[in-house]
Number of protein chains: 2
Amino acid sequence: MSAADRQTQSNRALRALRDRIFDGTITGGERLFEVALSETLGLSRTPLREAMARLEQEGLVERAESGGYVVRSFSFADVVDAIELRGVLEGTAARLAAERGASAAKLNEIKVILADLDEVVPADPARLRFERYVDLNAAFHDRLAALSGSTVIRRELDRATGLPFASPSAFLEAQERMPAFRRSLGAAQAQHRAIVEAIERRQSARAEALAREHAQLARLNLEYILTEDRSLMAGVPGLALIKIA
Amino acid sequence: MSAADRQTQSNRALRALRDRIFDGTITGGERLFEVALSETLGLSRTPLREAMARLEQEGLVERAESGGYVVRSFSFADVVDAIELRGVLEGTAARLAAERGASAAKLNEIKVILADLDEVVPADPARLRFERYVDLNAAFHDRLAALSGSTVIRRELDRATGLPFASPSAFLEAQERMPAFRRSLGAAQAQHRAIVEAIERRQSARAEALAREHAQLARLNLEYILTEDRSLMAGVPGLALIKIA
DNA sequence: GTTTGGCAGAATGTATACATTGATCGGAGG
DNA sequence: CCTCCGATCAATGTATACATTCTGCCAAAC
């Protein structure tokens, strides 16, 4: 059992706090009072502080000037920048994979995911297959990070996608309920294929540009949600953190 | 007084641990035993754990599978990748500054630094002026990150340059003692100027490419040190963390 | 009316005792 | 002789009491 999954008090505190932040029970700018929270959650302040330190690493809270932690709040510009950042990092992962060469084994692995995605994408957006799409999409982005062969880049990408709205899966649930859903998904899959092809052919600049552009799909989805149908915001994890100016 | 500077036990622990890691007293792969360390440092386990959590954020230590913390060790490839990452992020900061437009005030600020650097660069590399160069160089890179206008990018850049060998100032001390020192410094300053000019002219692709290339100077210095004169390694902060394969 | 001093309370910072988990070593059983 | 079980010890995890610092308020002085 991995250390992060063990049933310790600090893990319970971590999950509880994350949940409360995501679902809006604790809102941006709010301070996390240790005594009050420890009573609410039924544990002592020690594991609570541990959990808050980890939330700081995830970027959900930050240390206040006078001590203690405050829930971060994000603007829409921050979300756009976080998506941009993911694009830049995934682009770098793709470029390095192309420049340095990816092993045949790893390339095959990601191609299998591509083939699986092909099977799912043209299908009806029924719930079951959709969840499979989400899993496969996450797997694709995970393998892409690994293809870089750089633990530094991989770590950084993991961190950057820790903010829920910056994750490659962030807008999928909302996307499912969007009119242009299937077309958009097809375009995304075409980009997936192109990225892998570019890496295989050692076309590093192309691989980087494609991966960057791929992330922009998330920004387009965000803008669609904002301008056309804000009710979809509920389907995007962590968008409750956004402070509407 | 900023929260990070207050004379608390955990700040003392943080500094003490950082020092011991940087100077090689605690070496890569070594485990940090709480009881032993708390006795050595003369404080209790609670602020020590706090300090270790913050060191994890800085990337100097990581959580072990079975609990506790272990000092990370880095390969030369990791250092190269960390430099690459800084280049990518500074490139992104420069590109965004160009695309979105930087305020005249901020542009003026960084131009003042450029002018100050111009005064220092052609001078003799005597100790006093050299320290001034280090400060100005750090200030330049700091302002460049700010020019992006993105707190997301700024944060990420701060994080990425937290690893001492990835900092823009990492190789300056070693550089001072290198034969090609002054020539290299002149080239760096020319790049500084070009980056700002590109941003001002809204040449985003040029700004990005230049900032990336600028970071590669650090990689060249690293390779020089490795192949030509390893005694210079002592002058690069944090290079003690590198595990020589 | 404004400012300043200090007091009260509530919050975080710290130490420490206790609980629990994980690893190592030795002995008994196969 | 090897294996497996259990005991023991040492490490981290947790609770809690105490120390310190911060904040907000009130009153007194100017």
Side-chain angles (χ1 to χ4, degrees), chain A residues 1-21 25-73, chain B residues 1-21 25-73:
Chain A
M1 169 159 26
S2 163
D5 303 325
R6 272 167 45 208
Q7 282 298 347
T8 62
Q9 295 289 62
S10 61
N11 277 334
R12 267 189 283 272
L14 181 63
R15 273 193 303 273
L17 287 178
R18 241 196 318 239
D19 288 349
R20 276 155 206 254
I21 291 172
T25 307
I26 309 177
T27 168
E30 197 168 326
R31 187 151 173 186
L32 298 175
F33 293 110
E34 297 177 3
V35 177
L37 274 172
S38 69
E39 283 167 5
T40 306
L41 301 180
L43 33 79
S44 77
R45 285 173 54 211
T46 310
L48 191 62
R49 287 173 72 104
E50 170 107 18
M52 294 194 295
R54 285 199 253 163
L55 281 178
E56 189 190 6
Q57 280 192 277
E58 293 182 17
L60 292 181
V61 308
E62 59 191 352
R63 296 179 77 86
E65 260 314 297
S66 55
Y69 292 90
V70 174
V71 178
R72 280 180 71 189
S73 60
Chain B
M1 169 157 32
S2 161
D5 303 325
R6 272 169 42 211
Q7 282 298 348
T8 62
Q9 294 289 62
S10 61
N11 276 336
R12 268 188 281 272
L14 181 63
R15 274 195 302 272
L17 286 177
R18 238 194 323 235
D19 288 349
R20 276 155 207 254
I21 292 172
T25 307
I26 309 177
T27 168
E30 197 169 327
R31 188 153 173 186
L32 297 175
F33 293 109
E34 298 177 2
V35 178
L37 275 172
S38 68
E39 283 167 5
T40 306
L41 301 180
L43 32 80
S44 78
R45 284 173 55 211
T46 309
L48 191 61
R49 289 173 71 105
E50 171 108 17
M52 293 193 296
R54 285 199 253 164
L55 281 178
E56 190 190 6
Q57 280 192 278
E58 293 183 17
L60 291 181
V61 308
E62 59 191 351
R63 295 180 78 85
E65 260 314 297
S66 55
Y69 292 89
V70 175
V71 178
R72 280 180 72 189
S73 60

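Because the structure is a prediction, the values reported are computed rather than measured. The figures here come from the full heavy-atom set of this structure, side chains too, leaving out hydrogens, waters and symmetry mates. Here is how names work: the chains are called A, B, and so on, in the same order as the sequence lines, proteins then strands, and each is numbered from 1.
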Are the side chains of B:L48 and B:L17 in touch, meaning some heavy atoms are under 4.5 Å apart?
->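 When only atoms from C-beta onward are counted, B:L17 and B:L48 do touch, with a gap below 4.5 Å.
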
What pairs with [X] under salt bridge (charged side-chain N to carboxylate O under 4.0 Å, His left out), at least two apart in sequence or on another chain?
X     : value
A:R72 : none
A:E30 : none
B:E50 : A:R49, A:R63

Find the bend of the helix from C:dG1-D:dC30 to C:dG30-D:dC1 as the angle between its two terminal axes (five pairs each), to the nearest 10°.
-> 10°

For [X], side-chain contact (heavy atoms from CB on, under 4.5 Å) partners two or more places apart:
X     : answer
A:S44 : A:T46, A:P47
A:E58 : A:L14, A:R18, A:L55, A:L60
A:T25 : A:R20, A:D23

Salt bridge (charged side-chain N to carboxylate O under 4.0 Å, His left out) contacts touching residues 37-47 of chain B (sequence neighbours left out) |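 Sorted result for residues 37-47 of chain B: B:E34-B:R45.
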
Nucleotide N/O of nucleotides 13-18 of chain D paired with protein N/O under 3.5 Å:
unit_1 : atom_1 : unit_2 : atom_2 : d
D:dG13 : OP2    : B:R49  : NH1    : 3.2
D:dG13 : OP2    : B:R49  : NH2    : 2.9
D:dG13 : N7     : B:R45  : NH2    : 2.9
D:dG13 : O6     : B:R45  : NH1    : 2.9
D:dT14 : OP1    : A:Q9   : N      : 2.4
D:dA15 : OP1    : A:Q9   : NE2    : 3.0
D:dA15 : OP2    : A:S44  : N      : 2.9
D:dA15 : OP2    : A:S44  : OG     : 2.7
D:dA15 : O5'    : A:S44  : OG     : 3.4
D:dA15 : N7     : A:T46  : OG1    : 2.8
D:dT16 : O4     : A:T46  : OG1    : 3.2

How many whole angstroms separate atom [atom1] of [X] from atom [atom2] of [N]?
X     : N      : atom1 : atom2 : answer
B:E65 : D:dA11 : CD    : C1'   : 16 Å
B:M52 : D:dA11 : CE    : P     : 13 Å
B:F33 : C:dA23 : CZ    : P     : 12 Å
A:L37 : C:dA10 : CG    : P     : 17 Å

Drop me the distance from A:I26's CD1 to A:L37's CG, to the nearest 0.5 angstrom.
->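 Separation between the atoms: 5.5 Å.
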
Every protein N/O within reach of nucleotides 6-9 of chain C N/O, cut-off under 3.5 Å:
none

NA contact type, B:L32, heavy-atom cut-off 4.0 Å: base, sugar-phosphate, or nothing?
->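 It contacts sugar-phosphate atoms only.
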
Residue set satisfying side chain to side chain donor-acceptor pair (under 3.5 Å) with B:S10, at least two apart, ordered chain then number -> B:T8, B:R54

Pairing residues for A:R31 by the side chain to side chain donor-acceptor pair (under 3.5 Å) criterion, not counting sequence neighbours |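 With sequence neighbours excluded, A:R31 shows a side chain to side chain donor-acceptor pair (under 3.5 Å) to no residue whatsoever.
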
